[in-house]
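Quick one: this structure, given as structure tokens, is what I'll be asking you about.
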Amino acid sequence: MPEKYHIHTHPEAPRFRIEGKLGIVDWREDCASCQNCVKKGCVYDIYKEETTALHEERGYLDYIYKCKGCLTCVQNCTKNILTRVVNTEYERLGDDYYKPEILLTTWFQAETGSIPVSGCGYGGPFSGPGFDSMWTDMSEIVRPTRDGIHGREYINTSVDIGRKLNHLSFNDGELDVKSPPIISSPLPLMFAELPVNWLRGSVPGILANVAKNLGLFSIVRENEIGDQDASMVNTVIPLLNNGSNGDSFVDSPMVIIPDSPDVLNTVESLKNAKAERIVAVRVMASPSVAGRVVSLVGAGVEVVNLVHDRSGREDAPDSPRHVRDVVRDVHGALLKAGTRDEMTLISSGGIALPEHMTKAVICGADLVTIDIPLLLAIECRLCGECEHGNPCSIRLEETEKEYGTQRVTNLMGTWHNQLLEMMGAMGIREARRLRGETGRCMFVEDLEKQAFGRLFGKRKTDYVI
Amino acid sequence: METPQQVLDVPPPVSQSGKDFADHPDFARVDREVRLALPRYRNELGKYSIHRSSACISCGKCVEICPNNVHRRPEGYRNLMRPFDYLCSGYDCEKTDHFCVKACPQGALSLSENPAFKTLGDRRWTPDLLASCWMMAETGHAPPSHLESEIGASEGGFDRLRIRFPGAPPSDLRKEDISTEIVLNKRDDDRPKVKIDVPWYGGGMSFGSTNIRVQLGKARAAKAWNTFSCTGEGGYPDRFVPYKDHMITQVATGLFGVREETIQHARIVEFKYAQGAKPGLGGHLLGDKNTPTVAAMREAVVGTSLFSPFPFHSVYSIEDHKKHLDWIGHVNRSTLLSTKVSTPDDVEMVAVGSYCAGTHIVHLDGCYGGTGAAPDIAKKNIAMPIEYAISNVHQFLVDEGVRDEVALIVSGGVRTPWDIVKAIALGADGIVTGTAEVVATSCIRCGRCESGRGCPRGICTTDAELHQVLSTDWCTQRLVNMYNAWREILVDILWRLGLDSVTALRGRTDLLTHLDYEGAEEDS
Amino acid sequence: MAVKTTPDILVCLCENCVADSGTLPRQWDQDGCHIVVRMLPCTGRTDIQYLLHAFEDGARGVCVVACPEGDCTLFEGNYRAQVRVHLAKKLLKEIGMKENQVAMLHHSPKDSTDELKEKLREMVEEMSGL
């Protein structure tokens, strides 16, 4: 048995105090100084910690919102002088897509390297837009294929990138075909090129370092590849500019070029320069993208990188589709053309949580790319101040390399583990087999139609997906 | 020397040992009478706050007029107590003649929404649902009308389903005649026809994850209401023995605490294949909670994390499942068999397969169900919500012609009597409640059941100190009250629907509408 | 040298004072001062220790913006803040700093945010001279 892929995590405390969700407002002037102070009884010792922090810290001190919200103190205080409030700064974190909860859970994972576990049932909405409108399957008692994540069987999360032959041919008993170049990623994800605002200080170096350590690939724009460490050549995938000949990157295992009318010529010339290098074509997701991908693949393109915007939507004037539908569409079209198994589909955009990665793969992508979650791991708050040219409140550019590397490694460790959890529940032991397995997930519109359509007839409005 | 009779007359000591309980079954006496069970925190949170300023002259006008007992002056005192504003009915009161804010001669009172109240709960259990559950547990009757006690804010499933009431209930139907009984053994076999008085029973909460006092409260309430509670997978403490006729023994994948005598005790044995909150994943008791007592009960090492593996490693087919059921069925010739499964895509097949293997009860646990600890990713994403599963499984069993030979019990997001009605109308026979029970014992769903010392409110913890914050009697009464309120509401709904029994409601999807479908009116 | 991210003037702003909390920038520079806005759920959350810590790190001024008197969602948060600001002033004076380095403003969400910006601008002008 091959050695299990394992990401070593260890706790790495944040550099800055995180914005917690809840805090206590306290009319301390009214305190009766009674002997059974609820502050002493705090199960989590929050008050003690706050006092210590106030005593020991010097310099500008942020408000502490570490309350876990059990309300014991609020409800037990003799004089009822405590109230629980939601931290306004917490509510302002992130944006429409990267909700405060996403930031908080990502920070937790990057700090501890462990999967977030909590009690009580899920408290969110019934379903939601995008990936929230699908559930993954689990297998109950009737499928003899899995042994759980704690079991003896190894769940393999690695995927291949490159063209695959659909058949072999032999001549005189000898293999007559040469297999095309292929590279393998231990997780169905790649690091995407960073949004320009984050190309600051030590950030790109940290991510490149993590990719190298974990055997993952990171996409970097051609002109941002500096005089890198030679050891990173194998893990950095240059994103070439339009018209670039890519000569400086002959040793890279793969390059990505943007789609253009004469993209096939570019692919050919790049292949001519070095046949062992995989050439991927980047295509923007749009309502007509499936046809374009099919024709590219039909013309011999090995890998297609399908790009959505940061919230996972295609480029369309109205009601843009989400990754889950675009990828299913493309995947389906390729299946119909009979070329799906020959190529690799990489989906970019909209991947904020590990479940999104799993779900995108189920919808038909071989792997996904991620960018913002990596930045969240090194404590970015998505405040957007850098876009206005203001200084970064957490000095992201000064992030120490070792610290940042550990944080991102932790995050990848938890993503890996959560992928295992979901695959274990589904009874699938190969990420390669997860791809396009829509039979192993349930879409809200299908369930709704099956269960309620039968009873109640026609829906007034379509689901927001 | 004391005679046994004298001992029985003495009220049970505060900390009864398991042996006390086993020796003196009278400790287990309990009835279903409703008694006021006050909140155990001094500042209970309500939807509204009443603020009394320093202008108050303690004239007592507000004490006189408030029907909700918000304002109180204890006998012999001059000053008023701080307002018990969790009882306040808020702005509904404005139009009445007992609106204290207007009546106060000093203008010392003001009413506002309580900002802390809004920070409670979540989309499924809104602050209003939590508070109405607390009110039911306190008073034993329907919650006050200023709380939205019927639906949550999840915008799907139960929260979008509505019950269609006819214009007027039939005049010859009396509420006293309405039956809420259900039979759990529908098979034509020689095992007892176990009947429960209400169409629900308590969910499994294991010894080790939950405060033993809460567990006992659950068991006692189950006894009072002639229904069941469940051991969970943490074993069968001696203290459950007096309630053995109302305790389901759960056999889960870890087989913790499953012994021949615990199978012998049980009128129902439940096989837990999966749990809705973490379908496809095993159970997990974090090391912190694994105290010496827990470890002894589970026959494990103190302080280690205990995993129940997934799945049953001896079950890979319906035939294997049948072998399991047969084994238990042989050990205890008069027990009913229940199969608890989650809701995968092919849940209908699983249900019918379990039926074929000989189960009496198919228990489906939907993906939004409760848990003491589960990965967030599993709670949110794996398996389908129960609303879909009920509808599909019911229809499938009907089509297969076996619907009347198996009891379909559902759980996972059933929060209120209104949800129960919707679940039964969709096709279930009854439901299992877990979260509502812990909410009744004043859980606020902070989700910290698993970390550190466990539940800071003393409900789901093994911490000896935190155990003390609530008593078995209080838990029992809260649950007895909640059961009573639920039954009252259920009977009222059945009466308004013109149905004389809860079994007549099963599968009556014509009594439901869904607000997202044509023909349904958005309620005002 | 690293860019200074700690504030010269810290504005503690109650979220209930502004109609839409997004309309006030998080930070800006004016009169050579770096101004940082810290949103609070209620000014009752201010604390003398927090206020003074800002000075320890070199802030020149702290300004607390609260709801008009009587309008606090928590009933008396703004009143509490007033007490604490007053205490801070007293302490600053005792140690020889100027008491108007701490200031308190009232603003109602009904008034325009521009008005608040104007008030803050004036406040900063005054404080920057200290």
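In what follows, chains are A, B, ... by sequence order, proteins preceding strands, each numbered from 1. What you see is a predicted model, and the numbers here were worked out from it, not measured in a lab.
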**Request:** Please determine, among A/Gly69, A/Cys120, A/Cys70, the option with the most heavy-atom pairs under 4.5 Å with chain B.
**Result:**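 Ranked by contacts with chain B, first place is A/Cys120.
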
**Per-residue contact mode, A/Cys441 against chain B (heavy atom under 4.5 angstrom)** = backbone

**Prompt:** So which part of B/Glu155 gets closer than 4.5 Å to some heavy atom of chain A, the side chain, the backbone, both or neither?
**Reply:**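 Contact with chain A involves the backbone of B/Glu155 alone.
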
**Message:** So for B/Leu466, is it side chain, backbone, both, or neither that comes closer than 4.5 Å to the heavy atoms of chain A?
**Reply:** side chain

**Request:** Heavy atoms only, distances under 4.5 angstrom: which of A/Gly439, A/Gly41, A/Cys42, A/Gly123 has the most pairs with chain B? Name it, please.
**Result:** A/Gly123

**Asked** When heavy-atom pairs shorter than 4.5 Å are enumerated against chain A, which of B/Gly157, B/Gly276, B/Ala277 gives the highest number?
**Response** B/Gly157

**Request:** Would you tell me whether A/Arg328 and A/Thr438 have side-chain atoms, one donor and one acceptor, within less than 3.5 Å of each other?
**Result:**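 A/Thr438 and A/Arg328 do not have a side-chain donor-acceptor pair below 3.5 Å.
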
**Request:** Between chain A and each of B/Gly434, B/Pro385, B/Cys446, count heavy-atom pairs under 4.5 Å; write down the option with the most.
**Result:**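 Most pairs with chain A among the choices: B/Pro385.
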
**Message:** Report which part of A/Val444 has an atom under 4.5 Å of a heavy atom belonging to chain B: side chain, backbone, both, or neither.
**Reply:**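 Its backbone and side chain both get close to chain B.
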
**Asked** Residues two or more places apart in sequence or in another chain: which of them pass ring-ring contact (aromatic ring centres under 6.0 Å, His included) with A/His322?
**Response**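 Partners of A/His322 under the ring-ring contact (aromatic ring centres under 6.0 Å, His included) test: A/Phe131.
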
**Prompt:** Do you know which of B/Ser154, B/Cys449, B/Ala116 has the most heavy-atom pairs with chain A at a distance under 4.5 angstrom?
**Reply:** B/Ser154

**Message:** For chain B, which candidate among A/Ser127, A/Cys77, A/Gly453, A/Pro354 shows the most heavy-atom pairs at distances under 4.5 Å?
**Reply:** A/Cys77

**Prompt:** So what's closer than 4.5 Å to chain B heavy atoms on A/Lys359: side chain, backbone, both or neither?
**Reply:**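 When you check distances to chain B, only side chain atoms of A/Lys359 fall under 4.5 Å.
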
**Message:** Given heavy-atom pairs under 4.5 angstrom as the criterion, report whether the side chain, backbone, both or neither of B/Glu465 touches chain A.
**Reply:** neither

**Request:** Check whether any side-chain N or O of B/Lys422 sits under 3.5 Å from a backbone N or O of B/Leu161 as a donor-acceptor pair, and report yes or no.
**Result:** yes

**Prompt:** Just checking, B/Arg160 and A/Phe452: is the charged tip under 6.0 Å from the six-membered ring centre and within 45° of the axis?
**Reply:**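 Not flagged: B/Arg160 not positioned over aromatic ring of A/Phe452.
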
**Request:** With side chain to side chain donor-acceptor pair (under 3.5 Å) as the test, would you mind laying out the steps for B/Ser391 and B/Gln395 before giving the verdict?
**Result:** CA-CA 6 Å; B/Ser391 171; B/Gln395 194 55 45; over 6 Å; no

**Prompt:** With a 4.5 angstrom heavy-atom cut-off, which part of A/Ile115 approaches chain B: side chain, backbone, both or neither?
**Reply:** side chain

**Prompt:** Relative to chain A, which segment of B/Ala378 carries a heavy atom at a distance below 4.5 Å: side chain, backbone, both, or neither?
**Reply:** neither

**Message:** For B/Lys379 and A/Ser118, which I'm curious about, is there any donor-acceptor pair between the side chains at under 3.5 Å?
**Reply:**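 Yes - a donor-acceptor pair under 3.5 Å links their side chains.
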
**Asked** In terms of heavy-atom proximity below 4.5 Å to chain A, should B/Ile382 be classed as side chain, backbone, both, or neither?
**Response** both

**Heavy-atom proximity to chain A below 4.5 Å, by part of B/Ile390** =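 For B/Ile390, there is no contact with chain A at all, as no heavy atom is under 4.5 Å.
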
**Asked** Is the B/His514 ring parallel, tilted or perpendicular to the B/Tyr517 ring (thresholds 30°, 60°)?
**Response** perpendicular

**Asked** chain A heavy atoms under 4.5 Å from B/Thr435: which part of the residue, side chain, backbone, both or neither?
**Response**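 The answer is neither part of B/Thr435.
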
**Request:** Could you tell me whether the side chain of A/Thr112 and the main chain of A/Phe108 form a donor-acceptor pair under 3.5 Å?
**Result:**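 Checking the backbone N and O of A/Phe108 against the side chain of A/Thr112, a donor-acceptor pair under 3.5 Å is found.
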
**Item:** B/Ser342-B/Asp365 side chain donor-acceptor pair, cut-off 3.5 Å
**Value:** no

**Request:** Answer with side chain, backbone, both or neither: which region of B/Ala373 has an atom nearer than 4.5 Å to a non-hydrogen atom of chain A?
**Result:**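 For B/Ala373, heavy atoms of backbone and side chain both lie under 4.5 Å from chain A.
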
**Fill in**
Residues at least two apart in sequence or cross-chain that pass ring-ring contact (aromatic ring centres under 6.0 Å, His included) with B/His324, listed by chain then number, are B/Phe271, B/Phe312, B/Trp327

**Message:** So which residue, B/Pro279, B/Gly353, B/Ala374, B/Gly372, ends up with the most heavy-atom pairs under 4.5 Å with chain A?
**Reply:** B/Ala374

**Prompt:** Side chain, backbone, both or neither: which part of A/Thr358 has an atom under 4.5 Å from a heavy atom of chain B?
**Reply:**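 Looking at A/Thr358, nothing touches chain B.
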
**Message:** Is A/Leu447 in contact with chain B via its backbone, its side chain, both, or neither, using a 4.5 Å heavy-atom distance?
**Reply:** both

**Message:** Among A/Val85, A/Thr78, A/Leu353, which residue has the highest count of heavy-atom pairs closer than 4.5 Å to chain B?
**Reply:**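 Among the listed options, the one with the most contacts to chain B is A/Thr78.
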
**Prompt:** Between B/Thr339 and B/Ser354, does a side chain to side chain donor-acceptor pair (under 3.5 Å) hold up when you go through it step by step?
**Reply:** CA-CA 7 Å; B/Thr339 306; B/Ser354 307; 4.6 Å; no

**Request:** Identify the residue among B/Arg415, B/Arg123, B/Arg124 that makes a salt bridge (Lys or Arg N to Asp or Glu O under 4.0 Å) with B/Asp159.
**Result:**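 Single pass found, and it is B/Arg415.
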
**Message:** What's the separation between atom CZ in A/Arg440 and atom CE in A/Met138, rounded to the nearest 0.5 Å?
**Reply:**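 CE of A/Met138 is found 9.5 Å from CZ of A/Arg440.
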
**Asked** Quick one: what part of B/Cys367 sits under 4.5 Å from any heavy atom of chain A, side chain, backbone, both or neither?
**Response**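 Contact with chain A is through the side chain of B/Cys367 alone.
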
